[in-house]
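Since the structure comes first, as structure tokens, the remarks are kept for the end.
Quick caveat: nothing in here was measured; it's all calculated off a predicted structure. Below, each value reflects all heavy atoms present in this structure, side chains not excepted, and no hydrogens, waters or symmetry copies. All chains are named by letter (A, B, ...) in the order of the sequence lines, taking the proteins before the strands, and each is independently numbered beginning at 1.
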There are 2 protein chains.
Amino acid sequence: MINGDAASLISQIRDAVNKLIMSEFERRHIKGIVPSHGDILVYLYKHTNVTMKELAEHIHRSKPTVTVLINKLEEYGYVVREKDGSDNRITYIKLTQKGTELYPIFNDISVEIRERMYGGFSEQEGEQLEQLLQNLLRRF
Amino acid sequence: MINGDAASLISQIRDAVNKLIMSEFERRHIKGIVPSHGDILVYLYKHTNVTMKELAEHIHRSKPTVTVLINKLEEYGYVVREKDGSDNRITYIKLTQKGTELYPIFNDISVEIRERMYGGFSEQEGEQLEQLLQNLLRRF
DNA sequence: CCATTATAGTTTTACATCTAACTATTGTCA
DNA sequence: TGACAATAGTTAGATGTAAAACTATAATGG
């Protein structure tokens with residue numbers, strides 16, 4: 001029997017995940033950081049020569065939002081901006097030492113979130129969920 | 001093969017759904033209204049003697065948020081506040097004529113969203129999705 | 001070459017939402 | 001009964017996010 005509340009469930013899960021991430025930041029005394037900052041740092045741990053535009057695309061936020069997010073990460077000393085030598089429009093975002101040192105923490109939190117998301121499911125159910133969600137997203 | 005990106009997918013779907021709802025409001029020339037206002041109105045169409053607290057619980061927003069949302073709905077003339085006779089702490093939210101007239105529009109939008117969410121799935125897949133999401137939410 | 005167009009990024013402005021603190025009212029229990 | 005706790009709702013303040021407009025730079029085609 002279909003209930004029709006998938007949209008509501010998805011919205012609630014999203015809020016719950018964000019809340020959990022925030023509480024993990026809190027627990028580890030990382031202040032002033034929100035989930036989107038985490039998305040940026042996690043992306044930076046896996047890629048080099050990352051531009052603002054590239055970040056915006058990958059964390060699924062607008063360019064102005066990324067500007068603000070990077071402003072704060074820079075202010076906290078986790079990243080620095082670096083201009084491209086040949087194309088002055090482009091800005092690369094580089095991790096600082098301090099930003100790099102956060103890697104284990106963000107990795108732990110990623111693992112914890114994934115555990116919370118998939119921990120109650122069998123392998124097969126986890127795959128099913130992803131398949132259905134990918135399918136659903138493709139329709140928008 | 002599990003990808004581990006269910007949280008990201010859910011976040012993206014949520015954003016896409018909200019965007020679709022906003023564009024439907026736009027298309028029907030309903031101005032200044034956000035999805036949460038829609039949630040409130042849809043709830044009011046189905047229930048009577050609704051309090052602020054009850055609304056907050058059912059649309060999964062905080063009490064201050066509901067205060068602000070109702071302020072706007074009242075300002076637009078869609079609802080009115082009414083004090084309880086015996087317990088003066090309680091405020092009931094009532095639909096006005098103008099609010100009631102919006103029913104067909106919000107109903108249409110609800111149908112459209114549900115169609116978009118479930119339209120690409122078989123009955124069985126729709127049920128599976130809901131089951132998995134309910135299960136997932138319960139773990140938070 | 002130069003004018004137009006495209007691209008990268010920021011600033012401005014607006015707003016939905018939350019937490020914390022507050023007011024007002026009602027309930028409780030010693 | 002009267003002090004304290006609980007409950008309903010609002011206000012104040014902060015912040016994440018986006019759209020629109022803007023600046024600056026590069027690419028392109030006549």
_Reading DNA chain C from 5' onward, which residue's closest nucleotide shows up sooner: A:Val68 or B:Gly85?_
A:Val68

*Below 4.0 angstrom, N of the basic side chain to O of the carboxylate: do B:Lys19 and B:Glu26 qualify?*
no

*Measure from NZ on A:Lys19 to C1' on D:dT15 and round the result to the nearest Å.*
16 Å

_Side chains of B:Tyr118 and B:Glu130: any donor to acceptor distance under 3.5 Å?_
yes

*Please determine if a side-chain N or O atom of B:Lys63 lies less than 4.0 Å away from the OP1 or OP2 oxygen of D:dG9.*
no

*asked:* Grouping I, L, V, M, F, W and Y whenever their side-chain heavy atoms are under 4.5 Å apart, do A:Ile33 and A:Val68 come out in a common cluster?
replied: no

*Can you tell me the distance, in whole Å, between the CD1 atom of B:Ile70 and the P atom of D:dA8?*
16 Å

*In terms of the nearest nucleotide of DNA chain D, which residue is placed more toward the 5' end: A:Pro64 or A:Arg89?*
A:Pro64

*What integer distance in Å separates B:Leu73:CG from D:dT10:P?*
13 Å

*asked:* According to salt bridge (charged side-chain N to carboxylate O under 4.0 Å, His left out), who are the partners of A:Asp5, at least two apart in sequence or on a separate chain?
replied: none

*Figure out the CG/C1' separation between A:Asp87 and D:dT23, and round it to whole Å.*
15 Å

*Hey, does A:Lys83 reach any base, or is it just sugar-phosphate, or nothing, if we go heavy atoms under 4.0 Å?*
nothing

*Please determine if a side-chain N or O atom of A:Arg61 lies less than 4.0 Å away from the OP1 or OP2 oxygen of D:dA18.*
yes

*Between D:dA19 and A:Ser62, is there an OP1 or OP2 to side-chain N/O distance shorter than 4.0 Å?*
no

*asked:* What is the separation between atom CD1 on A:Ile40 and atom P on D:dG16, rounded to the nearest whole Å?
replied: 12 Å

*Has A:Glu75 got more than 12 heavy atoms of other residues, nucleotides or ligands less than 6.0 Å from its CD?*
yes

*asked:* Reading DNA chain C from 5' to 3', where do the contacts with chain B start and stop? Cut-off is 4.0 Å to heavy atoms.
replied: C:dA16 to C:dT26

*If the plane angle is over 60° it's perpendicular, under 30° parallel, otherwise tilted; pick one for B:Tyr45 and B:Tyr103.*
perpendicular

*Within the distance-only criterion (no hydrogens, no angle test), does the side chain of B:Thr65 pair as donor or acceptor with the backbone N or O of B:Arg61 below 3.5 angstrom?*
no

*To the nearest Å, how far apart are A:Lys53 NZ and D:dT25 P?*
19 Å

_Nearest-Å distance for atom pair CD/C1', residues B:Glu75 and D:dT10_ = 16 Å

*Can you tell me how far C1' of D:dG16 sits from CE of A:Met22, to the nearest Å?*
10 Å

*NA contact type, A:Thr65, heavy-atom cut-off 4.0 Å: base, sugar-phosphate, or nothing?*
base

